[in-house]
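See structure below.
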Amino acid sequence: MESAVPHQSGHDEGRSARTHRQREYWSGRYAEDPNLFGESESALAHWGLKAVGNVPPGGTLIELGCGNGRDLRYFQSLGYQVRGVDCAGDVPFRQLPHLQPLDIQCRDALEFLQQQGSSSVDVVYSNLFYNMDFTEEDHRELFREAARVLRPGGFHLYSVRTVKDRWYGRGRKVGEDTYDSTPDGTTMHFFSSEYARRLRPDELTLVQEEEFEKGKGDFPIQVLYIAERKRGGP
Ligand SMILES: C[S@@+](CC[C@H](N)C(=O)[O-])C[C@H]1O[C@@H](n2cnc3c(N)ncnc32)[C@H](O)[C@@H]1O
């Protein structure tokens, strides 16, 4: 029977309510399996470093939506100073005992970026994070902040699932290219190359973009890998 009160989800809600729903969903998933996406670094970590010609180790790298920190651990092993944020924290962060509490924060990624100094970071990195429950306005704020915290010449590296993904269009449409698949999943905002270009602030230029099919067995996903550089710098 249909509820008299419409189910509030996805983009019907404000940003903090949507972050709260993301936290609930992802902390439940990590409670079932803290290494939900694996323990080894993602393919984006290798692609990203190659695309930007290997940022000199010792640089600062921050990761948005870092989950259990598999990529943070990898970048740290290469000598980068790493910091990360994920709103689901707690369970996945138990995989990161070597990071100081200040370097790994359980909160909303935009708030985390807003805490960082301008031109203080060499790389802003995220793997499949911008597909979360964000509106275009949220994305614009996140991208503006990413550009602000990067030093001139610094890199914005990210991956996103695309509108060609076979999971695109499943569930209830809650915004442009955004579907809420509750109770079988969560809200996902799929990207096109054109959308990624639209979000790019003037300070960032495209270095490389590639589309791949990734994932295994019955869970193939269509992803876009993007490397952008902040104008200026050496
Ligand atoms: C698809 S998972 C990817 C995790 C990780 N990057 C990896 O590759 O293993 C997306 C992550 O984004 C986090 N997330 C979703 N919305 C967030 C927000 N507003 N702020 C911070 N993290 C968020 C989720 O908790 C989840 O861990």
Side-chain angles (χ1 to χ4, degrees), residues 1-44 63-71 84-95 106-110 126-139 142 158-193 195-196 199 211-226:
M1 200 179 83
E2 276 204 0
S3 157
V5 182
H7 172 57
Q8 283 270 296
S9 66
H11 292 180
D12 302 341
E13 300 172 320
R15 199 170 62 81
S16 66
R18 283 184 278 114
T19 305
H20 179 76
R21 259 169 38 93
Q22 286 288 308
R23 176 177 298 128
E24 301 237 301
Y25 174 78
W26 288 103
S27 50
R29 297 293 308 272
Y30 290 122
E32 286 161 16
D33 180 2
N35 293 316
L36 188 58
F37 297 102
E39 292 183 74
S40 318
E41 70 276 10
S42 67
L44 175 70
E63 180 172 4
L64 313 177
C66 63
N68 69 354
R70 62 198 178 118
D71 285 334
V85 62
D86 196 292
C87 69
D90 193 24
V91 174
F93 289 179
R94 286 183 210 144
Q95 318 299 310
C106 174
R107 66 185 312 183
D108 176 59
L110 181 64
S126 67
N127 186 42
L128 305 177
F129 160 74
Y130 290 129
N131 288 124
M132 301 295 100
D133 193 359
F134 298 121
T135 61
E136 178 164 347
E137 196 186 325
D138 297 335
H139 279 139
L142 284 162
Y158 69 94
S159 70
V160 274
R161 287 170 67 175
T162 78
V163 292
K164 294 186 203 146
D165 191 288
R166 70 174 65 179
W167 273 265
Y168 175 84
R170 296 198 192 180
R172 188 170 76 92
K173 185 165 183 172
V174 292
E176 189 192 349
D177 295 332
T178 308
Y179 295 87
D180 179 0
S181 53
T182 305
D184 303 320
T186 185
T187 301
M188 296 268 304
H189 192 148
F190 293 85
F191 272 50
S192 61
S193 180
Y195 183 64
L199 294 179
E211 193 160 345
F212 304 96
E213 181 166 290
K214 292 276 174 196
K216 295 181 201 117
D218 56 0
F219 205 82
I221 59 172
Q222 199 71 28
V223 289
L224 198 57
Y225 285 7
I226 294 191

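The side-chain hydrogen bond (donor to acceptor under 3.5 Å, both in side chains) with Thr182 is formed by just one residue from the set Asp184, Thr186, Asp180; it is Asp180. Tested against Phe212, the residues Leu224, Leu44, Val223, Thr162 include a single side chain to side chain contact (heavy atoms under 4.5 Å, CB included) partner, Val223.
For Glu211, the salt bridge (charged side-chain N to carboxylate O under 4.0 Å, His left out) test picks out Lys164, with sequence neighbours left out. Scanning for salt bridge (charged side-chain N to carboxylate O under 4.0 Å, His left out) contacts around Lys214 gives an empty result, with sequence neighbours left out. In terms of the ring pair (Phe, Tyr, Trp, His ring centres under 6.0 Å) criterion, residue partners of Tyr195 (sequence neighbours excluded) are, by chain and number, His139, His189, Phe191. Residues passing the salt bridge (charged side-chain N to carboxylate O under 4.0 Å, His left out) test with Arg23: none are found, sequence neighbours excluded. Contacts of Asp177 classified as salt bridge (charged side-chain N to carboxylate O under 4.0 Å, His left out), with partners at least two apart in sequence or in another chain: none.
Between the Asp133 side chain and the Thr19 main chain, no donor and acceptor come within less than 3.5 Å of each other. Remark: side-chain polar atoms of Asp71 are paired, donor with acceptor, to backbone N or O of Ser42 under 3.5 angstrom. Arg70 places a side-chain N or O within donor-acceptor distance of the main-chain N or O of Ser40, the cut-off being under 3.5 Å.
Lys173 and Glu176 make their closest contact through CE-CA, 4.5 Å (heavy atoms, listed as atom of the first residue, atom of the second, distance). When all heavy atoms are compared, the tightest approach of Cys87 to Cys106 is O-SG, 3.5 Å. Considering all non-hydrogen atoms of both residues, Val163 and Ser192 come closest at CG2-CB, 4.1 Å. Nearest heavy atoms, Gly67 versus Asp86: N-OD2, 2.7 Å. Across every non-hydrogen atom of Asn68 and Pro34, the tightest pair is CB-O, 3.5 Å.
We find the CG-CZ distance between Leu36 and Arg29 to be 5.0 Å, quoted to the nearest 0.5 Å. Taken to the nearest 0.5 Å, the CD atom of Gln222 stands 5.5 Å off from the CD atom of Glu213. Here Trp167 contributes atom CH2 and Phe190 contributes atom CZ; the two are 9.5 Å apart, rounded to the nearest 0.5 Å. The CZ atom of Arg21 sits 12.5 Å away from atom OG of Ser16, with the distance rounded to the nearest 0.5 Å. Within the model, atoms CZ of Arg161 and CE of Met188 stand 4.0 Å from one another, a figure rounded to the nearest 0.5 Å. Rounding to the nearest 0.5 Å places OG of Ser159 at 10.5 Å from OH of Tyr130.
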Query raised in the report: Should Leu128 and Ile221 be marked as a side-chain contact (heavy atoms from CB on, under 4.5 Å) after you check the CA-CA gap, both sets of side-chain angles, and the distance that decides it?
Result: CA-CA 11 Å; Leu128 305 177; Ile221 59 172; 4.2 Å; yes
_Steps toward side-chain contact (heavy atoms from CB on, under 4.5 Å) verdict (Thr135, Arg18)_ = CA-CA 10 Å; Thr135 61; Arg18 283 184 278 114; 3.8 Å; yes
Step-by-step ring-ring contact (aromatic ring centres under 6.0 Å, His included) determination, Tyr158 to Phe129: CA-CA 8 Å; Tyr158 69 94; Phe129 160 74; 9.9 Å; no
- Message: Is there a side-chain contact (heavy atoms from CB on, under 4.5 Å) between Thr178 and Thr187? Walk through the geometry before answering.
- Response: CA-CA 7 Å; Thr178 308; Thr187 301; 3.5 Å; yes
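The ring-ring contact (aromatic ring centres under 6.0 Å, His included) pairs that include a residue from residues 13-44 are Trp26-Phe37, where partners are two or more places apart or lie in different chains.
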